[in-house]
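These notes are about the structure you will find just below.
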Amino acid sequence: MSSDDKNRAIAAAILPLVGGAGNISTVAHCMTRLRLGLRDRSLVQDDALKALPSVMGVVEDDTYQIVLGPGTVARVTPELEALVAAAPQPATPAALGIAPAADHGTAPAPAHGADDLAAQGAAMKAAQKQKNATPFKLFLRRIANIFVPLIPALIGCGIIAGLNGLLINLGWLPGITPALAAIASGFMALIAVFVGYNTAKEFGGTPILGGAVAAIIVFPGIAKIDAFGQTLSPGQGGVLGALGAAVLAVYVEKWCRRWVPESLDVLVTPTLTVLVSGLVTIFGLMFVAGEISQAIGDFADWLLAHAGAGAGLLLGGLFLPLVMLGLHQALIPIHTTLIEQQGYTVLLPILAMAGAGQVGAAMAVYLKLPRNGSIRRTIKSALPAGFLGVGEPLIYGVSLPLGRPFVTACVGGAAGGAFIGLFSMLGTTVGSTAIGPSGWALFPLLNGNHGLGETIAIYAGGLLVGYLVGFVATYFWGFSQELLEEFNVETEAPETAVTSDAPTRATPDPEPAKV
């Protein structure tokens with residue numbers, strides 16, 4: 001089967017399990033997840049979806065999210081869009097007043113197996129979702145919606161920038177490196193425009209007007225303007241300034257829509273939106289956002305230089321709980337600001353250690369439960385993705401429902417973070433030129449203030465520390481006697497007798513939680 005046929009088959013398998021084309025209102029994707037807007041949630045067959053070999057798990061958030069993994073999701077999404085577009089759009093049973101039939105043919109999940117843990121993880125996720133529906137957390141989700149679509153370009157340009165730096169250091173291909181520099185830097189030079197566009201779209205304005213106002217920030221002619229006795233510089237304020245300018249543009253546009261006569265709307269509204277928002281951006285937002293951006297960069301540098309080990313301990317140890325609370329989304333514009341300022345974010349490699357602790361904990365669980373074939377199969381199927389930084393199936397399918405292993409996984413992440421933070425105190429910083437990947441997938445994006453070899457060695461050392469401490473902490477302190485007695489039992493059939501191609505999947509956490 002060709003790659004296209006395989007992706008088309010995955011889309012065709014997913015479509016009926018989410019209620020068919022008529023039940024889908026929107027189709028989108030992020031780094032690892034297919035995001036569907038559904039008209040009737042009750043038509044979705046969760047268990048059948050999780051059983052598909054290509055599906056790592058499902059998440060119910062503001063959209064219904066199916067975890068397919070990096071690469072696969074980008075290829076399956078257009079296939080699903082094509083199937084939805086080609087299918088007729090019948091009324092859903094709910095719209096016709098017909099309740100969905102109960103499924104009486106599904107056997108109950110085996111006690112204390114991976115399905116049982118996944119159910120517990122899903123219950124925790126549902127309870128956490130209700131707590132997360134606060135105005136502040138909904139605002140953070142909107143911020144994430146602005147920046148997450150930019151991640152593929154950040155990754156691509158980041159890898160090219162790393163390759164270009166390597167070629168320059170080696171003195172190879174001097175005729176090519178200027179072209180690679182242009183390719184890598186072009187997006188970052190205009191990232192404010194994309195942020196402005198996405199911001200206006202997210203907050204209900206006209207996207208192109210948000211982009212137009214944000215473009216003022218990066219316009220070279222801004223250097224000729226004197227604001228409050230200071231000469232502005234192109235790019236001052238960066239993505240934070242673009243975000244603020246676009247939000248202001250949305251409010252100005254909405255005000256104009258209410259008060260400008262319809263006959264003049266097409267001329268007056270965009271003109272006033274760009275003019276008012278542009279003047280406020282030039283004579284206010286660029287200066288304020290520039291000061292905030294500079295403060296973020298200075299504080300990150302100071303923190304790692306003077307308290308790197310302690311900061312790494314806290315950041316690496318607390319990242320998984322931050323993900324559970326949805327507060328990790330607040331770090332996305334901070335990462336982007338650091339990349340824009342310094343060329344890399346020093347925070348992401350530290351936060352990635354949380355995934356290393358999770359992998360080490362999962363390996364210890366695998367050894368501590370030799371009789372539980374169901375959980376061991378889940379760990380075996382999820383570990384490769386965990387090494388590549390996609391730790392969600394392990395979190396919500398294994399460690400979090402078990403309780404103690406989640407805590408010991410955080411201990412492993414704290415140790416790895418402290419290791420990298422210690423080297424920052426000693427003068428060697430480790431950064432990432434893009435956000436999104438972690439684990440082994442972060443190696444091509446690494447950068448720092450010393451040679452690439454030293455940067456890679458320190459990051460690899462942090463991963464090894466995270467794996468080791470997560471494993472040891474979980475193996476020796478991750479299980480009470482009661483927990484062992486409860487879960488170290490035979491489930492379904494012995495592990496060696498299983499021949500199914502569809503391993504049990506776990507229910508993961510909201511995006512972005514690739515740790």
Side-chain angles (χ1 to χ4, degrees), residues 46-47 50-51 56-60 106-131 317 320-321 323-324 354-383 385-386 391-414 467-500 502-509 513 515:
D46 296 281
D47 292 338
K50 295 174 189 176
M56 294 182 178
V58 299
V59 176
E60 186 178 0
T106 303
H112 311 313
D115 289 341
D116 190 40
L117 282 183
Q120 295 180 42
M124 293 178 181
K125 171 68 182 70
Q128 191 61 52
K129 181 183 176 184
Q130 292 184 344
K131 295 180 181 179
L320 293 183
V323 169
M324 290 177 55
Q358 177 64 52
V359 168
M363 291 190 288
V365 171
Y366 185 88
L367 293 182
K368 292 290 284 187
L369 302 179
R371 301 178 61 193
N372 195 315
S374 181
I375 293 178
R376 285 163 66 93
R377 281 193 303 277
T378 296
I379 294 173
K380 285 173 66 176
S381 65
L383 266 181
E392 303 146 320
L394 292 175
I395 295 172
Y396 274 87
V398 179
S399 65
L400 184 59
L402 286 172
R404 279 197 189 184
F406 180 77
V407 176
T408 52
C410 293
V411 172
Y467 296 151
L468 180 61
V469 175
F471 177 88
V472 171
T474 304
Y475 191 87
F476 290 102
W477 298 285
F479 286 88
S480 64
Q481 187 61 37
E482 293 80 5
L483 199 63
L484 279 175
E485 292 176 356
E486 181 180 1
F487 283 96
N488 193 27
V489 294
E490 295 285 352
T491 57
E492 301 175 357
E495 184 181 7
T496 55
V498 176
T499 59
S500 173
T504 305
R505 301 293 185 183
T507 301
D509 182 48
V515 291

Test side chain to side chain contact (heavy atoms under 4.5 Å, CB included) applied to Ile379 and Leu369, step by step: CA-CA 11 Å; Ile379 294 173; Leu369 302 179; over 6 Å; no
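In this structure, Ser399 OG and Arg404 CZ are separated by 14.5 Å, a value rounded to the nearest 0.5 Å. To the nearest 0.5 Å, the span separating CG on Leu320 from CD on Gln358 amounts to 6.0 Å.
Under the 4.5 Å side-chain criterion, counting only non-hydrogen atoms from C-beta, Val365 is in contact with Phe479. Contact annotation: the side chain of Asn488 approaches that of Pro370 to within less than 4.5 Å [non-hydrogen atoms, C-beta and beyond]. Taking 4.5 Å as the limit, some side-chain heavy atom of Leu383 sits within range of a side-chain heavy atom of Leu394.
Between the side chain of Thr474 and the backbone N or O of Phe471 there is no donor-acceptor pair closer than 3.5 Å.
Here the shortest heavy-atom pairing between Ala473 and Val411 reads CB-CG1, 4.3 Å. Residue Phe487 comes nearest to Asn372 through the heavy atom pair O-ND2, 2.7 Å, listed as atom of the first residue, atom of the second, then distance. Between Ala409 and Ala361 the shortest heavy-atom distance is CB-CB, 3.7 Å.
Geometrically, Lys368 engages Tyr475 in a cation-pi contact, judged by NZ or CZ lying under 6.0 Å from the ring centre and within 45° of the ring axis.
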